[in-house]
Structure formats: structure tokens, C-alpha cells
Amino acid sequence: MPLTSNHWGIGCVQVENGRIASVDPHPADPEPSPINGNIASSLNGQARVLRPAVRKGWLENGPGPSTRGEEPFVEVGWDTVIDLLADELKRVRETHGNNAIFAGSYGWSSAGRFHHAQSQLKRFLNTQGGFVRSEGNYSYNAALGLMPFILGPFRKHVAQATRWSVIAEHSELVVLFGGLAMRNAQVSDGGIAQHRLGDNLAKCAREGVRFVNFSPLRSDVLDGVDAEWIAPLPGTDVAVMMGIAHTLLDENLHDQKFLDRYTVGFDQLAAYLRGETDGIAKTPEWAAERSGIPAAKLRLLAREMAAKRTMISCAASLQRADYGEQPLWMTVSLAAMLGQVGLPGGGFTIGYGVNGNIGNIERLFRPGALPQGQRRIPDFIPVSMISEMLLHPGQDYTYLGQKRTLPNAKMVWWAGGNPFHHHQDLNRLRRAFATPDTIVVNEINWTATARHADIVLPVAAPQERTDFGAGKSDNALIPMPVCATPPGDARTEFDIYCDLSRRLGNVDDFSEGLDEHGWLTRLWEETRTAANEHGIQLPDWDTFISGDVITLPDPSPNQVFLADYRAEPDKFALPTPSGRIELHCQTIAEMKLPDCLGHASWFEPRDWAAANDRSYPLALVSGQPGTRLHSQLDNGATSVASKINQREPVLIHPKDAAKRDISDGDIVELYNARGRCLAGARVTEDIREGCVFLWTGAWYDPDFSNPDQRDRHGNPNVLTHDHRTSSLTQSTAAHSTNIEIRLPEGSVPAVQAHAPPRFTFADTSATLRKTASKV
Ligand SMILES: Nc1nc2c(c(=O)[nH]1)N[C@H]1C(S)=C(S)[C@@H](COP(=O)(O)OP(=O)(O)OC[C@H]3O[C@@H](n4cnc5c(=O)[nH]c(N)nc54)[C@H](O)[C@@H]3O)O[C@H]1N2
Ligand SMILES: Nc1nc2c(c(=O)[nH]1)N[C@H]1C(S)=C(S)[C@@H](COP(=O)(O)OP(=O)(O)OC[C@H]3O[C@@H](n4cnc5c(=O)[nH]c(N)nc54)[C@H](O)[C@@H]3O)O[C@H]1N2
Ligand SMILES: [Mo]
């Protein structure tokens, strides 16, 4: 049976009548992902983009700002759409220049080293004079920005996370801030051949490691490890950590020798904790007022942490929140005070659980991948400033201490991402998406982003093209032979760009004269050469693509984060200005930012700070869904089976539900000043009182007949704000949102997100006649 690889794991593809019938578990994977259950049903579903489609108004009136998302589409042939695109690219380039093309195109797209959607688009546009890109991500952007100032490059450090096998052997206590959700560990970017976290945590449990989980949701840790569950109000972890740190200081439990040798700036932090700088001592009582966690509990935990070999884990979710830099900085500060950084099973890790491989496995070398070509335009935006850029071109902003200006995008091209899933404040994003002249989206399915485009290109899914998979932190090489032909007129993006660059007169710049097979064998040869350098012989392409997964050795099975720095702090000095861990950072202090000071600091989340009248008393957390990857294949069987009355489930505590007459299974309305959505109530004691949890990724389904364009389906991003964490890193802050919830008035409309958009047969417009005459 042919294999396939996705970000959530490998699978064996069953094909019937030329279409994918199911994707079954691979015997090598001990914990196969149920997300595979979405593939066949979604790819054969009615939301599939089958033909190139153009928004009616764009076809009739040409490019220009317009309210998008409501109008019907006209399906056209490939020749027509290639002409329309070639003409529009030329027009934008000639009238406004290449820096009016925004192709940041953020998103996870699909696994596969060659057909990677963003790489294909960026490579193509680089052969056409370039584009404005985006920098960073929605996942751990505050960490990417902050950590180099205080510790070192985050991506490199997260790859060096202490292994769970080391924790099982050496740790006595693991304190988790934001849990370690098994549902998230299904996923690892680029692919994951074997899910190992469950086994490794079971080993910790057998060794008697104690887990404490600070999290609004009890199920954020594997049941088997029997974690103590402590549920602070979301966004108050910094206060909790400060309460613990204050106790260490107060009871002289901090490791002054470690602080002196390995860190700088502890005195400034200590003065802040004692209240010498702002008059507020960050005592456990002070922390209790903010977080709701009793002071006595924090004191006991502080003593236990100092007495035991303790690993502190800070989930990436904590930094996807207002002032998200602070929990990171405070995690590092607290671990430094305990003095166990660099010891086996001690210290801290930021990002366990953000992908299934962190702390479990690493890759040996980088396999071949499609090169994106030479960058032509230096300009970029921090990725979560998309609405800001479209609504306020020319506006100044600060980022990592630099003053920058937002570009003026006339053409937007998105491939492999779903901003109407991933961005915050979708009503604002709709206003932003009305401003460009032209929006192009390549998609498999009619997502909300495709519906907000002018030109939609139907593309092949991973199982409909030949490729090979290799996760960014995995140890497997996975053959991905083509299993089915793409439906309708859908085709690979490589083919589309070949056609388009041929029409624009420079196809060889893009293809280098190679077809799909030529590229795959080139990238595989690069992979073989890299393997050879590690003494590993890989088979030739034909043998590999018709064979099974190849597993490579783990380069560092006993890894301990920062062990080298602890052993020889001068030889392995950190790449910070001082070469030490910066508990106070002079570089950041000198930026004089109002929202990020020179050391870890407490800021109240914005919605709480603004809420004088408490109209929106519930904290909304919108974490990653266990039944899919973000919004991908949301119309697939596993995802659909989890919905309540067609809506995304929202978890609510029995007391909060009772106050509002809400019963389990009810359709409810979530609302605040930014927007409204419907969802299905799941009443459970697993969620903290005062907090509701709505999974991300239900396809945004605005009801245009409703004055507030209420989302019918349960997408949390109609409620979230799109302010950034701080002016230091400009990162998304989705987890800091307050809402209210009620039973909706009157009857509720059916969800329409999984149906195709409206199609029409526009009269053969001037645009069509113009292009037809050229064919
Ligand atoms: N409220 C809230 N919002 C969040 C988050 C949160 O915690 N809360 N989390 C954030 C995080 S961490 C992330 S990473 C983002 C994720 O945001 P995205 O990465 O944008 O989400 P996906 O649903 O993975 O979108 C990928 C899209 O690419 C399409 N696709 C897949 N393969 C291909 C291909 O080969 N070619 C093309 N052209 N398209 C393809 C899929 O159909 C899908 O629509 O969301 C962020 N948004
Ligand atoms: N199945 C599946 N797995 C995925 C993904 C997916 O879409 N589906 N997405 C992947 C991606 S792109 C990413 S970036 C990672 C994200 O990985 P994380 O950032 O770890 O994931 P989240 O689900 O946002 O948050 C994890 C938990 O943090 C808790 N939490 C939220 N706010 C707070 C808070 O203020 N304090 C505390 N103490 N806890 C809080 C929530 O209870 C939540 O369940 O997941 C990856 N894994
Ligand atoms: Mo992410």
C-alpha cells in the first residue's frame, strides 16, 4: 500500500476507483494520529476547489479595492486564468513595483520537501522581481524575538531541549506551565514517523516523577502521569512565577552562586520582586490576588522546587498572549534562581509540546528541499501585522528595537495558509482584505480565505502528487508516491508556475529545465550526499519511492539543555551581549518600550485591564484542536464527528453554565465588542471556572444576513484581538481575550462553511474578451 506523510504522521493509503478511500495507521507508529481520518472525506468532499475561479466583481470591473467574501465566483479555464494572472502581475509591477506584492503567505501548508506551497510561490515570485515577505510565525514569535537578547537563538535551543528519557531518569518534579497536551504532540512540522511522547511520559510515571500542571484545562497532560492540576486565571502565570520567586528570595532558597557565575542582572530583578522599584512586593499573596491560586500553595511549591531536581516547562501558548515575552523571561529567571540550569533533569524548557518531537528525537541532517531562489526585495512585515499593513500602509512601527514602516500592498498572494483561520479579529481582517487591488489564493478546499480572494487556483493535495517527507525535527525519510489524480482541473503548483512563467517569458528561471521527476531526483541526490557525510547509504530514488519509511539514528539521545554552558561558561559563552543569561537586559532596557522593560515584569492582560464594567467576564482560551491540524481538512470525518450540532465545541464549567441556563449540547453564542459566533456547549469540570475553551480551526462562516456577520460555526478569532504581545516582538496574542456567552435568541442557521461558495456564469465580460482574444 502506498505511504503518505503529513505534519501529523505517516499513513498507508487505500485507493478505490482512482480516489483515496482511507488512510490507515502505519505499523511502525506506536501512537498513530486519528487526524488521518480527515483525509479521504475532505479531499473527496464538496468543498474541494475543482476549477480556477474568479470573483464576479473582479472579472467584470478589474482590479481594485472591494468588499470581499460575499460575491459569487465564475469558474474559468486554465488558459484564461493564466492570462489574467500574467497581465495583473505585469500591471502591478509596472505601476507600483514589486514591493507592492505581498506574498508572506504564512501557514503550515502540507508536508513534502518539493511541493511545499510557500517555497513554490516564493521561488516563482523571486523569478519575477520579488515580493514583500513576512517574518516569524504565529506559534512562538515572542520566543523567536526575545530569546536572542537574553539567552540565544530559540530555534536552535528548542532543538537542544533536555530529552524526556533524561527527565525520567533524573527529575523528581516537573512543573508545567500550560501543560503538555498529547493532542498537540500528534503534530511535528514537516512530519513525524513515530509518536514517542506517550511512551516517554509513561516512563516518567514509572520512575515516580511528580508532575504539577498549571493550566486552565485538566486534560493538558496525559492522564497516566497523574499530574496535580492547578488552574490559574489565564494570563497570570507571570504573577504565579513571581510569587514563587519571591518566596525563594524571601526564604533564601535561591542559588546565589549560580546567579553570580552564569547570569547578569539578578539584582535588578530582585529589587523588582521585593517591590523596591515600584512599591509592590510580588509576594505569593499578591500573586494569589491575580491568579486565584492560594498563596500557601505557591510557598509550598517554591520550597519543593528548591529541594528537588526540578524541570520547569513553559508551553508556547503562554507567549501567544498579551505581553507574551514576560512568561518566557520569568521562566528563565525562576529556573536561574533554582540554579539547576544545565543539570540532567533540571532547569527549564520553553516549547515542550509545541511539536511532538521536542525532547523526544532530533534530525541528523537537513534533507534536500526546493530552493526559494534569491531574495529580491528586502522589505518584510512581522507576520501578525497583516491587518495593520493592509489598513495602515506607510505607518511606522517598532520591531526588535528598530523603527520600520509598513509597506503598501496592492497584490496579495497566499499559498498554503489560511489567514481567516490563523489571524485574530477576523472582522478587522475582513476590512483589511477589502483594501488590495487583487488577492490570489491557491487552495485545496474552499476555505474562508479562498472565499475572500479574487482569483482562486485549485491545487493538488499531497496524496495527489509525488514527493518525499522529512520532518524538521524527525529522523525518518518518507516516500510519498502519487496515489490518486487531482479531481476536476486541480493541478500541482509547480505545473501552475511553470505555465505562468512560460507565459511571462522566463520559465527556465523557475524550473531550471527540470520537470517534477527531475527536481525530485535532484533533491533526493542532495539528501543522499548529506546522509553519506554521516556514513549512511541511502537507496536510489526509484527504490526509495516504492519502498517503506527509512529511519535514521538519533544524533543526541541523552541531550541536556545548556549542559555545555554550565560545564564551561567561558568556552560556551551564550551569544548574548554579556555572554551570560540576561535576567536584566541592558539592550532592551535602552529601547525604553512601554510594554517590555529591562527584566521580566508583570502586566495585566489588556481585556482585563479595560473591563471596568465586567461586561465580558469569561477568559477565552482558543488552543489547538485534537481532531485536525489548525483548520486543515475541517470538513473531514474525524473533525466533523467532534462537532456539537454542527458547531465547534466550547468547554464551559458547570457553574458558569448554570448561571446562564446552558446545558451540555446546547448551541450557544459567544460574544464581545469585536464579534460573535455560535458554538456547541460541552459542560465539563475539566475547565477552570471563569474560563471557556473553544478549539481553533472551525472554518469561519460569517452570516452576511446578520447585522454583525455572526460566525455560524465557532471560530474563536471573531472574538480575539489583534494587538500584538508588545512593541518588542509584535507577536500574536490570541490567548488573551474576554467574552460573554449566552443562549442565542430565535432559531439558529445551519453551518454553511463546508459547502462550496456560490458560482455564477458572468456575462462574457470585457476582461474575458480581452484575454480570450490573446489565446
Ligand atoms: N485563536 C487562535 N488563533 C490561532 C492560534 C491559537 O492558538 N488561537 N494558533 C496559531 C498558530 S500557532 C498557527 S501555527 C496558525 C496556523 O495557521 P495556518 O497554518 O494558516 O492554518 P492551516 O489550517 O494549517 O492552513 C493551511 C492551509 O493550507 C492549505 N494547504 C495545505 N496544503 C496545501 C498545498 O500543498 N498547497 C496549497 N496552496 N495549500 C495547501 C490548507 O488547505 C489550509 O487551508 O494559527 C494561529 N491562530
Ligand atoms: N492536533 C494538533 N496538534 C497541534 C496543532 C494542531 O493544530 N492540532 N498545532 C501545532 C502548532 S502550529 C503549535 S504552535 C502547537 C501549539 O502548542 P501550544 O502552544 O502548547 O498549544 P495550545 O493548544 O495553544 O496551548 C496549550 C495549552 O495551554 C493552556 N493555556 C492557554 N493559555 C494559558 C495560560 O495563560 N496559562 C496557562 N498556564 N496555560 C494556558 C491551554 O489550556 C492549552 O490547552 O501545537 C501543535 N500541535
Ligand atoms: Mo503554530
Side-chain angles (χ1 to χ4, degrees), residues 6-8 33-35 42 49 105-112 115-118 120-121 137-141 176-189 213-220 230-237 240 291 314-321 327 351-356 384 414-424 441-445 447-450 457-462 465 492-493 605 619-634 687-688 691 693-697 699 715-717 719-720 732 734-737:
N6 290 286
H7 299 297
W8 52 85
S33 165
I35 301 178
S42 177
V49 185
S105 227
Y106 178 75
W108 269 59
S109 55
S110 289
H115 287 292
H116 180 243
Q118 281 86 0
Q120 292 277 349
L121 174 64
N137 61 30
Y138 278 70
S139 309
Y140 40 73
N141 204 60
L176 303 165
F177 289 93
L180 186 66
M182 288 303 292
R183 56 178 181 277
N184 288 358
Q186 291 175 78
V187 165
S188 204
D189 39 342
N213 175 32
F214 284 92
S215 199
L217 187 62
R218 191 202 305 265
S219 62
D220 275 344
I230 306 178
L233 189 69
T236 63
D237 300 81
V240 167
S291 65
C314 173
S317 57
L318 267 67
Q319 49 91 70
R320 241 180 285 116
Y352 278 140
V354 77
N355 97 30
S384 23
W414 226 289
N418 187 0
F420 278 90
H421 150 68
H422 68 232
H423 194 57
Q424 286 56 64
V441 169
N442 304 3
E443 252 298 345
I444 297 171
N445 279 319
T447 61
T449 302
L457 303 177
V459 304
R465 58 199 188 199
T492 68
E493 282 152 295
L620 171 77
V621 176
S622 47
Q624 311 291 33
T627 53
R628 57 183 176 260
L629 173 64
H630 316 129
S631 71
Q632 296 199 22
L633 314 177
D634 176 42
I687 186 78
R688 183 198 198 275
C691 177
F693 197 121
L694 178 61
W695 307 108
T696 53
W699 287 355
N715 186 314
N717 282 326
L719 303 161
T720 52
T732 174
H735 281 321
S736 298
T737 294

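Worth knowing before you read on, the calculation uses all heavy atoms, side chains too, and leaves out hydrogens, waters and symmetry mates. Order of appearance sets the numbers: ligands from 1, and atoms from 1 within every ligand.
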Among all protein heavy atoms, pick out the one at the shortest distance from atom 20 (O) of ligand 2; state its residue, atom name and that distance to 0.1 Å.
-> N184 ND2, 3.8 Å
T447, portion touching ligand 1 at heavy-atom distance under 4.0 Å = side chain
Does Q186 reach the side chain of P34, with side-chain heavy atoms less than 4.5 Å apart?
-> yes
Enumerated ligand 2 atoms positioned under 4.0 Å from heavy atoms of F693 | 41 (C), 42 (O), 43 (C), 44 (O)
Consider ligand 2: state whether an atom of it lies below 4.0 angstrom from any non-hydrogen atom of T696.
-> no
Run the numbers for me: atoms of ligand 2, each under 4.0 Å from some heavy atom of D237, listed by number.
-> 34 (C), 35 (O), 36 (N), 37 (C), 38 (N)
Between N213 (side chain) and G179 (backbone), is there a donor-acceptor pair under 3.5 Å?
-> yes
Per-atom contacts, ligand 2 versus I35 - under 4.0 Å to a heavy atom | 1 (N)
Exam field: side chain Q118 to backbone G416, donor-acceptor pair closer than 3.5 Å | yes
Taking heavy atoms and a distance under 4.0 Å, where does D189 meet ligand 2: side chain, backbone, both or neither?
-> neither
Can you list the atoms of ligand 2 that are under 4.0 Å from a heavy atom of F214?
-> 37 (C), 38 (N)
Between atom CG of L457 and atom CD of E493, what is the distance when rounded to the nearest 0.5 Å?
-> 8.0 Å
Can you find a side-chain donor-acceptor pair between E443 and T449 that sits under 3.5 Å?
-> no
For atom 6 (C) of ligand 1, find the nearest protein heavy atom and state the residue, atom name and distance (0.1 Å precision).
-> S622 O, 3.3 Å
Tell me: protein heavy atom nearest atom 21 (O) of ligand 1, and distance?
-> H421 CD2, 3.2 Å
Among P34, S317, A734, closest by any non-hydrogen atom to atom 25 (O) of ligand 2 | S317
Does a side-chain heavy-atom distance below 4.5 Å link L633 with N445?
-> yes
Is it true that a side-chain atom of Q624 and a backbone atom of S622 form a donor plus acceptor pair closer than 3.5 Å?
-> no
How close does the nearest protein non-hydrogen atom get to atom 23 (O) of ligand 1, and which residue and atom is it?
-> S631 OG, 2.5 Å
Rounded to the nearest 0.5 angstrom, the SG-CG distance for C314 and D237 is 7.5 Å
Can you find a non-hydrogen atom of Q424 under 4.0 Å from ligand 1?
-> yes
Say whether H735 and ligand 1 are in contact under the criterion: heavy-atom distance to a ligand atom below 4.0 Å.
-> yes
Please say which of H422, H421, H116, H630 ends up in a ring pair (Phe, Tyr, Trp, His ring centres under 6.0 Å) with W108.
-> H630
For atom 44 (O) of ligand 1, closest protein heavy-atom neighbour = E443 OE2, 2.5 Å
Any donor-acceptor N/O pair, H7 side chain to S109 backbone, under 3.5 Å | yes
Using modelled atom types only, decide if a donor and an acceptor are shared between the side chain of W695 and the backbone of G626 within a distance under 3.5 Å.
-> no
Logged contact type for Q186 with ligand 2, heavy-atom cut-off 4.0 Å, is side chain
Any donor-acceptor pair under 3.5 Å from D220 side chain to S215 backbone | no
Just need the protein heavy atom nearest to atom 31 (C) of ligand 1, so name the residue and atom and give the distance.
-> S110 OG, 3.3 Å
How many angstroms lie between CG in N137 and OG1 in T732, if you round to the nearest 0.5 Å?
-> 10.0 Å
Answer whether the closest heavy-atom distance between the side chains of N355 and D189 falls below 4.5 Å.
-> yes
Do ligand 2 and P216 have nitrogen or oxygen atoms that lie under 3.5 Å from each other?
-> no
Would you find a donor on one side and an acceptor on the other, under 3.5 Å apart, between the side chain of Q319 and the backbone of A316?
-> yes
protein heavy-atom neighbour closest to atom 12 (S) of ligand 2 works out as H630 NE2, 2.9 Å
Rounded to the nearest 0.5 Å, the CD1 atom of I35 sits from the CZ atom of R183 at a distance of 11.5 Å
Can S384 and Q424 be counted as having a side-chain donor-acceptor contact under 3.5 angstrom?
-> no
For L318, atoms of ligand 2 separated by under 4.0 Å from a heavy atom | 36 (N), 37 (C), 38 (N), 39 (N)
Under 4.0 Å, heavy atoms only, figure out whether ligand 2 is touched by the backbone of T236, its side chain, both or neither.
-> neither
Of Q624, R628, R320, which has the heavy atom at the shortest distance from atom 8 (N) of ligand 2?
-> R628
Should you measure from each heavy atom of N418, which atoms of ligand 1 turn up under 4.0 Å away?
-> 20 (O), 25 (O), 44 (O)
Can you find an N or O of N445 that's nearer than 3.5 Å to an N or O of ligand 1?
-> no
Within-shell test, A181 vs ligand 2, heavy atom, strictly < 4.0 Å | no
Does the side chain of W8 come within less than 4.5 Å of R628's, by heavy atoms?
-> no
Closest non-hydrogen protein atom to atom 34 (C) of ligand 1, residue and atom name please, with distance?
-> E493 OE1, 3.8 Å
Check for a donor-acceptor pair, side chain of R320 on one end and backbone N or O of S139 on the other, with a separation under 3.5 Å.
-> yes
Should the proximity of V621 to ligand 2, defined as any heavy atom under 4.0 Å, be assigned to the side chain, the backbone, both, or neither?
-> side chain
Which atoms of ligand 2 sit under 4.0 Å from any heavy atom of R183?
-> 1 (N), 2 (C), 3 (N), 44 (O)
Just distances here: any N/O of N717 and N/O of ligand 1 closer than 3.5 Å?
-> yes
Taking the non-hydrogen atoms of H7, is any one of them nearer than 4.0 angstrom to ligand 2?
-> no
Evaluate the side-chain proximity of F177 to V240: yes if any heavy-atom separation is below 4.5 Å, no if none is.
-> yes
Nearest non-hydrogen atom to atom 40 (C) of ligand 1 belongs to which of G416, A321, P458?
-> G416
Per-atom filter on ligand 2: closer than 4.0 angstrom to a heavy atom of S139 are 12 (S), 14 (S)
At what distance is the nearest protein heavy atom to atom 46 (C) of ligand 2, and which residue and atom is it?
-> V354 O, 3.4 Å
At the 4.0 Å heavy-atom cut-off, does P625 count as touching ligand 2?
-> yes
Of W699, W108, Y106, Y138, the residue with the heavy atom nearest atom 10 (C) of ligand 1 is Y138
What protein heavy atom sits nearest atom 43 (C) of ligand 2, and how far away is it?
-> D220 OD2, 3.4 Å
Could you tell me which atoms of ligand 2, counted from 1 in the order shown, lie closer than 4.0 angstrom to a heavy atom of G235?
-> 34 (C), 35 (O)
Which one of H423, R465, H422, H115 has a non-hydrogen atom at the shortest distance from atom 47 (N) of ligand 1?
-> H422
Within the distance-only criterion (no hydrogens, no angle test), does the side chain of R688 pair as donor or acceptor with the backbone N or O of A231 below 3.5 angstrom?
-> yes
